[in-house]
Amino acid sequence: MLHKPDVPVMRVAADDLLVWYDRHRRRLPWRAAPGETPDPYRVWLSEIMLQQTTVRAVGPYFEAFVARWPTVAALAAADGEDILKAWAGLGYYSRARNLIACARAVAGRPGGRFPDTEEGLRALPGVGAYTAAAIAAIAFGRRAAVVDGNIERVITRLHALETPLPAAKPEIRRLVDAITPADRPGDFAQAMMDLGASLCTPKRPACGLCPWMKPCAARLAGTQETFPRKMPKAVRPLRRGAAFWLVRPDGYVLVRKRPDKGLLGGMTEIPSSPWTEDFDMARATDHAPLRGMRWRRLPGEARHGFTHFELVVTVFAADALTTTKAPEGCRWVRLAELDGEALPTAMRKIAAVARG
DNA sequence: GATTCGTGGGT
DNA sequence: TACCCAAGAAT
């Protein structure tokens, strides 16, 4: 099944990659200098932030977090709401909720230290197969098969692996495990990720500079850009909804905390209707947080793309009184302090439409 | 195994 | 413009 008589099987040398890495390693805020002992807290925090998130986007967030919460104990002792506010804009907010739970779990362990094995790490909230292996290897020098999106691309090209993702994951893991050295496993993992990020890129890989050019089966066949194979993805539907911008004459606006689970869980929102594909805009104000208001539809719309659907929100505005009580689950926030709230980007776009 | 879960930048 | 993609995890 896996035998490909037309593709020569070549020996892949971990050393060739490590030599390249020692010369070209990226300097990243969370990466310890050569010879220095990595801080498990910084390794963990960066790995959580980097899940499905670019290095560029993570940078400022990582710096802000370690400046404000220098240790896992400090993070564990922090107000959860402050952490959500600091995370706002980075996306995938369940990560922030798991971050809090994980910090508190670690702080409650003997010595307040992270587990130093892949298995122990895997049991922590928000730590899956990739992150557990990455922390074990990078922070604790454990030999572990680290497989992220970069490494999937590198490995499927190296072996010209025809199996489409995600079905290919178990085989990729075996192939990575087979070449992971006992010495410098953390550097090896980071080297493969650097390779995927800088040379073995999705488009126009720089094969001429690659330390693994010779053993790469896809390069030999000239098909490197076609890997990894992937299952076609579903079309993204369009959902619509309404948001309700209620302001008081003294400069307060009504906001609401979203349920802890689900989309934008635990974050602050401009009170909104559900978002559906068959939203009835004529009955939009049925979803308003307060009845009996003179809701007027504002010009323009807020558009935002989520992973699995496209969103278009129509904004309705009304004037409240200084004495208007906030409905259940809602609260008043000073307009000038709205930016400091745990507002996801989608909500900031809605606020921008409302404020003209 | 398939879905759900954000956001910004690159092409 | 309309995709694609990024140091994935939880359910």
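Being a predicted model, the structure only gives us computed values, none of them experimental. To find a chain, count down the sequence lines: A is the first, B the second, and so on, and within it residues start at 1. Just the heavy atoms: all of them, side chains too, but no hydrogens, waters or symmetry mates, feed the values below.
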Check: With a 4.0 Å cut-off on heavy atoms, is A/Trp44 in touch with a base, just the backbone sugar-phosphate, or nothing at all?
Finding: nothing

Next item on the list: Classify every nucleotide of nucleotides 4-11 of chain B by which part a protein heavy atom approaches to under 4.0 Å, writing B for the base, S for the sugar-phosphate alone and - for neither, in 5'-to-3' order.
Entry: SBBBSSS-

Next item on the list: For C/dC5 and B/dG6, measure between their C1' atoms and round to the nearest Å.
Entry: 13 Å

Checklist line | Touch class at under 4.0 angstrom, heavy-atom based, for A/Leu28 against every strand present | finding: base

Note to self: Other members of the hydrophobic cluster containing A/Leu290, with the 4.5 Å side-chain heavy-atom rule, please.
What the structure shows: A/Phe244, A/Leu246, A/Tyr252, A/Leu254, A/Phe279, A/Met281, A/Met293, A/Trp295, A/Phe316, A/Trp332

Notebook entry, point to check: Is a donor on one side and an acceptor on the other found under 3.5 Å between the side chain of A/Trp212 and the backbone of A/Ala13?
Noted result: yes

Margin query: Can you check the distance between C/dT11 and B/dT7, where both ends of the measurement are the C1' atom (answer in whole Å)?
Written below: 22 Å

Check: A/Arg355: what forms a salt bridge (Lys or Arg N to Asp or Glu O under 4.0 Å) with it, not counting sequence neighbours?
Finding: none

Checklist line | Test salt bridge (Lys or Arg N to Asp or Glu O under 4.0 Å) applied to A/Asp280 - qualifying residues, sequence neighbours left out | finding: none

Item checked: Atom P, compared across B/dG9 and C/dA9: separation rounded to whole Å -> 24 Å

Check: Listed by chain and number, what are the salt bridge (Lys or Arg N to Asp or Glu O under 4.0 Å) partners of A/Arg297, not counting sequence neighbours?
Finding: none

Check: Considering residues at least two apart in sequence or located in another chain, which fulfil the salt bridge (Lys or Arg N to Asp or Glu O under 4.0 Å) criterion with A/Glu118?
Finding: A/Arg173

Check: Among pairs that include at least one residue of residues 85-111 of chain A, which meet salt bridge (charged side-chain N to carboxylate O under 4.0 Å, His left out), considering only residues two or more places apart or in two chains?
Finding: none

Margin query: So A/Lys261, base contact, sugar-phosphate only, or nothing? Heavy-atom distance under 4.0 Å.
Written below: nothing

Next item on the list: Tell me what A/Arg153 touches on the nucleic acid: a base, only sugar-phosphate, or nothing, going by heavy atoms under 4.0 Å.
Entry: sugar-phosphate

Quiz: residues 135-145 of chain A side-chain donor-acceptor pairs under 3.5 angstrom, not counting sequence neighbours:
from	atom 1	to	atom 2	distance (Å)
A/Arg142	NE	A/Asp116	O	2.7
A/Arg142	NH2	A/Asp116	O	3.4
A/Arg142	NH2	A/Asp116	OD1	3.4
A/Arg142	NH2	A/Asp116	OD2	3.4
A/Arg143	NH1	A/Asp177	O	3.1
A/Arg143	NH1	A/Thr180	O	2.6
A/Arg143	NH2	A/Asp177	OD1	2.8

Note to self: Counting only heavy atoms and a strict 4.0 angstrom limit, can you tell me which residues of residues 125-149 of chain A come near DNA chain B?
What the structure shows: none

Checklist line | Sequence neighbours excluded - salt bridge (charged side-chain N to carboxylate O under 4.0 Å, His left out) pairs with any residue from residues 51-74 of chain A | finding: A/Arg68-A/Asp82

Notebook entry, point to check: Hey, where on DNA chain C does chain A first and last touch, going 5' to 3'? Cut-off is any atom under 4.0 Å from a heavy atom.
Noted result: C/dC4 to C/dA10

Notebook entry, point to check: Counting only N and O atoms by type, is there a donor-acceptor contact under 3.5 Å from the side chain of A/Lys257 to the main-chain atoms of A/Met267?
Noted result: no

Note to self: Quick check: on DNA chain C, is the nucleotide nearest A/Asn150 upstream (toward 5') of the one nearest A/Asn98, or the reverse? Name the residue that is more 5'.
What the structure shows: A/Asn150

Check: What pairs of residues pass the side chain to side chain donor-acceptor pair (under 3.5 Å) test when at least one of them lies in residues 182-191 of chain A, not counting sequence neighbours?
Finding: A/Asp22-A/Arg184, A/Arg31-A/Gln190, A/Arg184-A/Asp187

Checklist line | Euclidean distance for C1', C/dG8 against B/dG1 (whole angstrom) | finding: 16 Å

